[in-house]
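Below you'll find the structure, written out as structure tokens, and then a few comments.
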Amino acid sequence: MSVYLLYEAASGYALFHAHGLDEIGQNIEAVRSSVLDLNRFGKVVQLTAFYPFESALDALNQCNSVSEGVMTEELRNFLELNLPKVKEGKKPKYSLGVSEPKIGSHIFEETKIPCQSNEFVLELLRGVRFHFDRFLKDLKPGDLEKAQLGLGHSYSRAKVKFNVNRVDNMVIQAIFLLDTLDKDVNSFAMRVREWYGWHFPELVKIVNDNYLYAKVAKYIENKAELSEDKIPELTEILGDEDKAKEVVEAAKASMGQDLSPIDLINVQQFAQRVMDLSEYRKKLHEYLVTKMNDIAPNLASLIGEIVGARLISHAGSLTNLAKCPSSTLQILGAEKALFRALKTRGNTPKYGLIFHSSFIGRASARNKGRMARYLANKCSIASRIDCFAESGSTTFGEKLREQVEERLDFYDKGVAPRKNIDVMKDAIKSLENKASGKKSKKRKSKVDGEESEPMEEDRPAAVTNGDSETKSEKKKKKKTLAADETEQVNGVNGKHDGTAKKSKKKSKEGDGEAEKSVTKSKKKKKKSKTEESD
């Protein structure tokens, strides 16, 4: 059976025919040694066809499809045109050697071409890669290297593309920096305490906090200059007037030695550095909290920002954490204890980084393992929702947290918790209600905007000439005269309001009165005419 080799180069697809090979009797070590010799390798492997890529974008698309194990239409047409055709109902007398088993299986599913990927084929493809520029005669020196470099850059750039708002790498770096800052601040604060303790040893027992101690040491400088006038300023720093008075009294009867001005300046500068580091640590913690709410809001609302960030950093990324089963997530961070227990056949650890959560601390000693298992289950659900959901929200995380609280009550008081299906249905309903509320708000705002803007017919036309002003004034006068006449008629007709909602009886009575008034006016006119004639 003859073997064809498919090689995906940076410039195009190449098909090679390896003839005269007895695969059964071949030794892989002999093939490795003969591959480097072009004279021996060129007699066995020959170029059959080559399909160049149209552009750099086409090369990137083909490379992405090959890496994902998908056969494109171009590759299919290339193989069907250049491989020997097989009659219907008969098996092909050749096989296609590929470097990736995934694309080989896809080619076999689509075209029924038998594919293989083993050490023998990989060694032949290694020889093809090594001598590829010799097989193509039209290539200029340096063209293949440029194509490989350009494709490598574009492929890497496409793989690195991400959503800026969901970068779990920033969380990993921030939590590592936060841990190192905690260690550094603690060690530097101890150094400040020891250094300044030679001058004012009683201050260590009065002020316990590292940040406040550095602040007070920087403010006091020389204890001999400390007096009762500085008590208000010390109370602002310490937040307690009694402590400030205690510091002043301790300075008066201190047993510490005096320091030179240069030493005091160095202590003051070092205390300032410790204060700056602790303030930067606070800002970094706020940054980490905001990042976790953007990247993994459900995990952060369930277990907290710091513990969630440690889980993501230990797993390597949010995607890796989402792929972990809950049993693996439960003991993340306790790998040494796990392997030691497996080696000594002892008890395996019940929890790893999850132990820092408040839920396990609140559980009783006999229920800590159960609580860790249940919490790991909910954390795995939350991480998967955060990783694969299109839009981030804390709804599922809050519901999962309620479930954990109910489980704690169940272990302590025996109160039966809700089922997981019901809780998830409630979460989905709340999400739908939020989405519908947002849509209704948008619609209302649009309607209000349309109502506030007058229509073109209602808007007064811009006056350009004086004639238009006079015409409008005449129209207004005519309208006012007509309104006065109608008011007079209405007054005569029984003071009607002119509304359409009046009853029929009132309208009939009004009509009768109007007729009477008309007849009276006619009689008066007749009498006046007769008097004039007389």
Side-chain angles (χ1 to χ4, degrees), residues 63-64 67-69 100 102 152-184 281 284-343 348-357 359-360 372-394 396-397 400-401:
C63 183
N64 284 326
S67 65
E68 292 169 3
E100 292 291 334
K102 286 183 181 179
H153 283 187
S154 57
Y155 181 75
S156 304
R157 202 177 297 115
K159 286 292 180 184
V160 171
K161 276 184 181 178
F162 46 73
N163 184 4
V164 179
N165 296 322
R166 301 189 67 177
V167 188
D168 50 3
N169 189 30
M170 300 297 110
V171 169
I172 295 169
Q173 299 299 328
I175 194 65
F176 274 128
L177 183 57
L178 197 67
D179 292 337
T180 52
L181 271 177
D182 287 335
K183 293 177 184 177
D184 294 342
R281 195 256 177 209
L284 186 66
H285 182 265
E286 293 173 359
Y287 165 76
L288 181 62
V289 169
T290 53
K291 270 293 179 187
M292 278 297 294
N293 289 327
D294 291 338
I295 294 164
N298 293 299
L299 187 64
S301 61
L302 171 62
I303 203 171
E305 290 84 4
I306 301 298
V307 181
R310 284 205 172 95
L311 286 172
I312 291 171
S313 66
H314 199 83
S317 65
L318 182 61
T319 309
N320 292 344
L321 185 66
K323 290 177 182 176
C324 288
S326 60
S327 57
T328 305
L329 195 146
Q330 182 182 349
I331 56 170
L332 271 179
E335 288 83 4
K336 287 184 180 179
L338 174 67
F339 291 119
R340 186 171 62 246
L342 292 174
K343 193 178 284 186
T348 54
K350 297 177 182 177
Y351 27 69
L353 292 168
I354 290 180
F355 181 75
H356 297 288
S357 174
F359 295 114
I360 295 173
R373 187 167 60 250
Y374 189 80
L375 185 60
N377 182 13
K378 300 305 172 188
C379 285
S380 65
I381 293 171
S383 62
R384 286 165 191 174
I385 292 170
D386 289 329
C387 183
F388 301 111
E390 293 179 357
S391 60
S393 66
T394 58
F396 286 100
L400 292 172
R401 189 179 181 86

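Since the structure is predicted, the reported quantities are computational estimates derived from the model, not experimental observations. In what follows, every heavy atom counts, from backbone to side chain, and hydrogens, waters and symmetry copies are set aside.
- At distances below 3.5 Å, at least one donor-acceptor pair connects side-chain atoms of Glu335 with backbone N or O atoms of Gly333.
- If you take CG on Asn169 and CD1 on Ile295, they are separated by 9.0 Å, rounding to the nearest 0.5 Å.
- Using a 4.5 Å heavy-atom cutoff, the side chains of Ser313 and Val171 are not in contact.
- Of the inter-residue distances, the one linking Leu302 atom CG with Ile385 atom CD1 reads 10.0 Å to the nearest 0.5 angstrom.
- Annotation: side chain of Leu400 is not in contact with side chain of Asn298 (no heavy-atom distance under 4.5 Å).
- Contact between Ala376 and Ser326 at its shortest, heavy atoms only, is CB-O, 3.4 Å.
- Legend: residues meeting salt bridge (charged side-chain N to carboxylate O under 4.0 Å, His left out) with Asp184, ordered by chain and number and at least two apart, are absent.
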Candidate pair Leu284 and Leu288, rule side-chain contact (heavy atoms from CB on, under 4.5 Å), full reasoning: CA-CA 6 Å; Leu284 186 66; Leu288 181 62; 5.7 Å; no
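- Between Ala334 and Tyr351, the shortest heavy-atom distance links the atoms CB-O, 3.8 Å.
- Thr394 meets the side chain to side chain contact (heavy atoms under 4.5 Å, CB included) test with Pro297, Ser301, Glu398; sequence neighbours excluded.
- Residues Asn293 and Ala300 come closest through the heavy atom pair OD1-CB, 4.0 Å.
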Audit row: Met292, Ile312, side-chain contact (heavy atoms from CB on, under 4.5 Å) steps and yes/no: CA-CA 10 Å; Met292 278 297 294; Ile312 291 171; 4.0 Å; yes
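- Closest approach of Ile331 to Pro349, counting heavy atoms only: CG2-O, 3.6 Å.
- How far NZ of Lys102 is from CD of Glu68: 9.0 Å, rounded to the nearest 0.5 Å.
- Not a single donor-acceptor pair under 3.5 Å links the side chain of Ser357 to the backbone N or O of Ile360.
- Residue Ile303 holds its CD1 atom at 3.5 Å from SG of Cys379, rounded to the nearest 0.5 Å.
- Of all heavy-atom pairs spanning Ala372 and Lys350, the tightest one is CB-O, 3.7 Å.
- When atom types are taken as modelled, the side chain of Asp386 and the backbone of Leu299 share a donor-acceptor pair closer than 3.5 angstrom.
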side-chain contact (heavy atoms from CB on, under 4.5 Å) evaluation trace for Lys323 with Thr319: CA-CA 6 Å; Lys323 290 177 182 176; Thr319 309; 3.8 Å; yes
Which pairs would a plain distance check flag for residues 173-183, meaning a side-chain donor or acceptor within less than 3.5 Å of a matching protein atom at least two apart in sequence or in another chain?
unit_1, atom_1, unit_2, atom_2, d
Asp179, OD1, Arg310, NH2, 2.7
Thr180, OG1, Phe176, O, 3.2
Thr180, OG1, Leu177, O, 2.8
Asp182, OD1, Arg281, NE, 2.7
Asp182, OD1, Arg281, NH2, 3.3
Asp182, OD2, Arg281, NH2, 3.4

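- Across Ser383 and Ala322, no two heavy atoms sit closer than the pair OG-CA, 3.8 Å.
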Intermediate values then yes/no, side-chain contact (heavy atoms from CB on, under 4.5 Å), Asp168 and Leu321: CA-CA 11 Å; Asp168 50 3; Leu321 185 66; over 6 Å; no
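- Note that the CG atom of Leu329 and the CZ atom of Arg373 stand 14.0 Å from one another [nearest 0.5 Å].
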